[in-house]
Protein chains: 2
Amino acid sequence: MDDLTLRQQEILGFLQIFSQEKGFWPSIREIRDHFGFNSTNAVVGHLRALENKGYITRIAGQARTYRITYENSEEPPAESLEVIDMPVYGNIAAGYPDGIEQGDAIDRIQVDINTAGIRRSRRSFALKVRGESMIDAGIFDGDMVIIEPALPNDGDIVAALIDGATTLKRFIKPSNQPPYLKAENANYPDLHPVSELVIQGIARSIVRKL
Amino acid sequence: MDDLTLRQQEILGFLQIFSQEKGFWPSIREIRDHFGFNSTNAVVGHLRALENKGYITRIAGQARTYRITYENSEEPPAESLEVIDMPVYGNIAAGYPDGIEQGDAIDRIQVDINTAGIRRSRRSFALKVRGESMIDAGIFDGDMVIIEPALPNDGDIVAALIDGATTLKRFIKPSNQPPYLKAENANYPDLHPVSELVIQGIARSIVRKL
DNA sequence: ATAATCACTGTTAATATGTTCAGTGTCAAG
DNA sequence: CTTGACACTGAACATATTAACAGTGATTAT
């Protein structure tokens, strides 16, 4: 199969996207307008090229009657990065993540361990962020944070259990002083542990749906 | 939803079958011929009825531009989390994503389509963000953005090709004016397309490693 | 230097296609 | 019996759409 020029690739891509988006094929004028051409003939030339090279089929003279011959293919099977499945919790009522029942999950997420930034075999989980306390760290309400149970170091963002609810805060461990939690939002005070600081895990990555 | 008469069901069925079979919609005359009518107006009446009852949508005056609103068929089998594999590009040197060589990918990412916010079977890809131009939208340098090729709407964050490099910007389409790109950072100016605006896709989600 | 390819502009022609207007016949409900 | 919904015929019209012809520049290969 002949290679396509840049422009031809763009036209083909537009055909595919438009068709998937709208459910029907674009007219030549619509293609022209999308690319900002002044002449329909610019489009005609490209369509003819695509047809000659075997990427599309058309019915001569008829409107919006395309068929894409060469789907630029499914992706190669890929060397499966290791994908793991984690539950997503809205809020962890109490206790250590170990004690959570599966039923408490509000969703599930599957990512490869590389992009999630976690190791396998460490019961990681995801947490749906509530509130704005980490807004200055770029973590917003509704974001999903992937948490790996681990011992925190100074500066890590952690999921911590405070008053029976889980929140996300930055873990600060000054030398020779007890650690405390810091919200990344000027309006929120630091949290010095009154009794006990239960860290459920370290935030390794965040996922936000736009 | 109003019930359909027998004839209307037949017409609707033919629309679906024809479209599935051929990949495009039939013209009114083709529908007429299939049912053996002698007048195109017989078809027009039924189409109007189908539209009034909310089963289809059409674009007035335009050829073969249907959309079936109410699928009287079966739903897609339910959402078993489907994991797909996407390439990650550092920078798309030029051209449409179609034209990118596999080798240009700097990494791969695997997520389920639900958390990625994309549909399957649409050559989606991920882009490593460079620069601070979207910082006010909570997208930072080094973040990974999952892009789905699609036609942008006003306000979408898009991957756009500018001067041979891909950047992330917000797509603004004022009514009756040409669209432009807006950076979400007070220090960056709006980008009004000098010549041509190539949108490579819409940002559906972001992934950040902490 | 010449030719060939690519990406277009601008105009015009031909026809594919949707739409409207004015009717006919059937059937069931009030 | 009249009314209205339904399913159509037949003809005419407007325009959406494809397609052809004649060029212009820029770039690249020969």
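Everything quoted here is computed from the prediction, not taken from an experiment. Every chain is numbered from 1, with letters handed out A, B, ... down the list of sequences.
- B:Arg7 is linked by a salt bridge (charged side-chain N to carboxylate O under 4.0 Å, His left out) to B:Glu10, counting only residues two or more places apart in sequence or in another chain.
- Scanning for side-chain contact (heavy atoms from CB on, under 4.5 Å) contacts around A:Arg58 gives A:Ile28, A:Leu47, A:Glu51, A:Ile56, A:Tyr66, with sequence neighbours left out.
- Nucleic acid contact for B:Ala49: none, since no nucleic acid atom lies under 4.0 Å from a heavy atom of the residue.
- What separates CZ of A:Phe24 from P of C:dT17 is a distance of 15 Å, to the nearest Å.
- Using a 4.0 Å cut-off, no side-chain N or O of B:Arg29 falls inside it from OP1 or OP2 of C:dT19.
- By the side-chain contact (heavy atoms from CB on, under 4.5 Å) test, A:Ser19 pairs with A:Trp25, sequence neighbours left out.
- Counting to the nearest Å, the P atom of C:dT17 and the CG atom of B:Leu47 are 14 Å from each other.
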Distances under 3.5 Å between protein N/O atoms and the N/O atoms of nucleotides 3-10 of chain D, please, pair by pair.
unit_1 : atom_1 : unit_2  : atom_2 : d
D:dA7  : OP1    : B:Thr5  : OG1    : 3.0
D:dA7  : OP2    : B:Thr5  : OG1    : 3.4
D:dC8  : OP1    : B:Arg7  : NE     : 3.3
D:dC8  : OP1    : B:Arg7  : NH2    : 3.0
D:dC8  : OP2    : B:Arg7  : NE     : 2.7
D:dT9  : OP1    : B:Asn38 : N      : 2.9
D:dT9  : OP1    : B:Asn38 : ND2    : 2.9
D:dT9  : OP2    : B:Asn38 : N      : 2.9
D:dT9  : OP2    : B:Ser39 : N      : 3.1
D:dT9  : O4     : B:Asn41 : ND2    : 3.0
D:dG10 : N7     : B:Ser39 : OG     : 2.9
D:dG10 : O6     : B:Asn41 : ND2    : 3.3

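- Atom NZ of B:Lys22 sits in a sparse spot, with 12 or fewer heavy atoms from other residues, nucleotides or ligands closer than 6.0 Å.
- As rounded to whole Å, 8 Å separates atom P of C:dC8 from atom CD1 of A:Ile11.
- A:Glu132 pairs by the salt bridge (charged side-chain N to carboxylate O under 4.0 Å, His left out) definition with nothing, not counting sequence neighbours.
- If you take CD of A:Glu30 and P of D:dT17, they are 6 Å apart, rounded to a whole angstrom.
- With sequence neighbours excluded, no residue satisfies salt bridge (charged side-chain N to carboxylate O under 4.0 Å, His left out) with B:Asp156.
- Closest to the A:Ile28 side chain, of the nucleotides C:dT19, D:dA16, D:dA19, is D:dA19.
- When the nearest nucleotides of DNA chain C are assigned to B:Arg48 and B:Arg64 by heavy-atom distance, the more 5′-ward of the two goes with B:Arg64.
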